Amino acid sequence: MASIFEPSLSTSRAPTGPSMADTLPSINFGFDELRDRMAKFTVKFDAFIEQGRKRVLEERNQFRMNVTELQEDQRMKKKDIEILQLKTSTHQQTMAKEAAETREMQGAIAALTAQRDAQATTRDGLRAQMAATQREIDGRLAAQRAHAERLEAQARFNVPELDFWVTNLCLRIEGAGAEDRLKFVYTHVDERSWDREAWFELSTGSRDYDVRHCRPKLEKDKVERVLERVNETRELAVLLKGMRELFVEALKS
């Protein structure tokens, strides 16, 4: 029996030919090439990562710059808006002030226009009154001139008669302070006092004679009856005699 320590037949035999491993085909796995390619890939990958990181940083910086510019633009626009609002408010205030001034000016113009129209109406009224007054004055002057001409014409014929009545009726003729009035003063009408005077003022401004004042006072209806006879006859002697009779009668009572 063989010992366990004896080498086996296969191991104790001396090699008699080439090994099987030597007969296998040689395989080239290309580890060096793979390593080189991996190294190149690593370089490219690191370069790609670095470029990506730089691009991200640049984009982030650009974004920040854009955000800053946008914020600045927003701030400027906000400032522009505030300035525009201030200008708008100022413009509105100016327009309101101008509108108020316009309304005030329109009110003043309306008041001045109304005042002008009122003054024009008053002026036209005054002109009409002046024209009417002037016509009335012209008419009175014409009547006075005509009456004066009649008196003058009548005086040429009545001078002797008037002197007669002045003498016989104790009468004198005075002015009465107006062109169309004469004052006739009598004496010797009061038996108790021959020096006492009685007088009346005769208005000659119209066609009919009119007694305006007299002293002493006479009854109006009696004076009017005398004037009616005088205006009918146009004889001054009727007036002078009639008024003297009224004075004598009044002083007797």
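In this text the structure is predicted, and so the values were computed from the model without any measurement.
Listed for the R229 side chain is no donor-acceptor partner under 3.5 Å among the backbone atoms of V238. Side chain of Y186 to main chain of L240: a donor-acceptor pair is present (N/O by atom type, distance under 3.5 Å, no hydrogens or angles). The closest donor-acceptor contact from the side chain of N231 to the backbone of Y209 lies under 3.5 Å.
Inter-residue side-chain proximity for R244 and V189 is flagged as met; some heavy-atom pair is nearer than 4.5 Å. Taking 4.5 Å as the limit, every side-chain heavy atom of T88 sits out of range of all side-chain heavy atoms of H91. Side-chain atoms of L182 and F184, non-hydrogen and from C-beta on, do get closer than 4.5 Å to each other. Counting only heavy atoms from C-beta outward, the side chains of L202 and F200 approach each other to under 4.5 Å. Using a 4.5 Å cut-off on side-chain heavy atoms (C-beta onward), L57 and K54 make no contact.
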Give the table of side-chain donor-acceptor pairs shorter than 3.5 Å for residues 119-128, with sequence neighbours excluded, one pair per line with atom names and distance.
residue : atom : partner : partner atom : Å
T121    : OG1  : D117    : O            : 2.9
T122    : OG1  : A118    : O            : 2.9

Side-chain donor-acceptor pairs of residues 215-228 under 3.5 Å, sequence neighbours excluded:
residue : atom : partner : partner atom : Å
K222    : NZ   : E249    : OE2          : 3.2

Show me the donor-acceptor pairs within less than 3.5 Å that the side chains of residues 102-115 make with the rest of the protein, sequence neighbours left out.
residue : atom : partner : partner atom : Å
T102    : OG1  : E98     : O            : 2.6
T113    : OG1  : I109    : O            : 2.6

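In this structure, K77 does not pair ionically with D73, as no charged nitrogen and carboxylate oxygen lie closer than 4.0 Å. For the pair E82 and K79, the salt-bridge criterion is not met [side-chain N within less than 4.0 Å of a carboxylate O]. Salt-bridge check for D138 with R140: failed, with every basic side-chain N at 4.0 Å or more from each acidic carboxylate O.
When the side chains of ILVMFWY residues are joined at heavy-atom separations under 4.5 Å, either directly or via intervening members, V230 and I173 end up in a single hydrophobic cluster.
Taking CG of L141 as the start and CD of E136 as the end, the distance is 10.5 Å to the nearest 0.5 Å. The structure places CZ of R53 at 10.5 Å from CD of E58, a figure rounded to the nearest 0.5 Å. Distance check: C214 SG to K183 NZ gives 11.5 Å after rounding to the nearest 0.5 Å. Distance check: Q74 CD to I81 CD1 gives 9.0 Å after rounding to the nearest 0.5 Å. For the atom pair Q51 CD and K44 NZ, the distance stands at 12.0 Å (nearest 0.5 Å). To the nearest 0.5 Å, the span separating NZ on K252 from CD on E191 amounts to 5.5 Å.
The shortest non-hydrogen separation linking L251 to R192 is O-NH2, 2.8 Å. The two residues E201 and W199 come nearest to each other via the heavy atoms CG-CZ3, 3.8 Å.
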Review point. Can you check side chain to side chain contact (heavy atoms under 4.5 Å, CB included) on K241 and L169, steps first, answer last?
Key: CA-CA 8 Å; K241 289 175 63 178; L169 296 179; 4.3 Å; yes

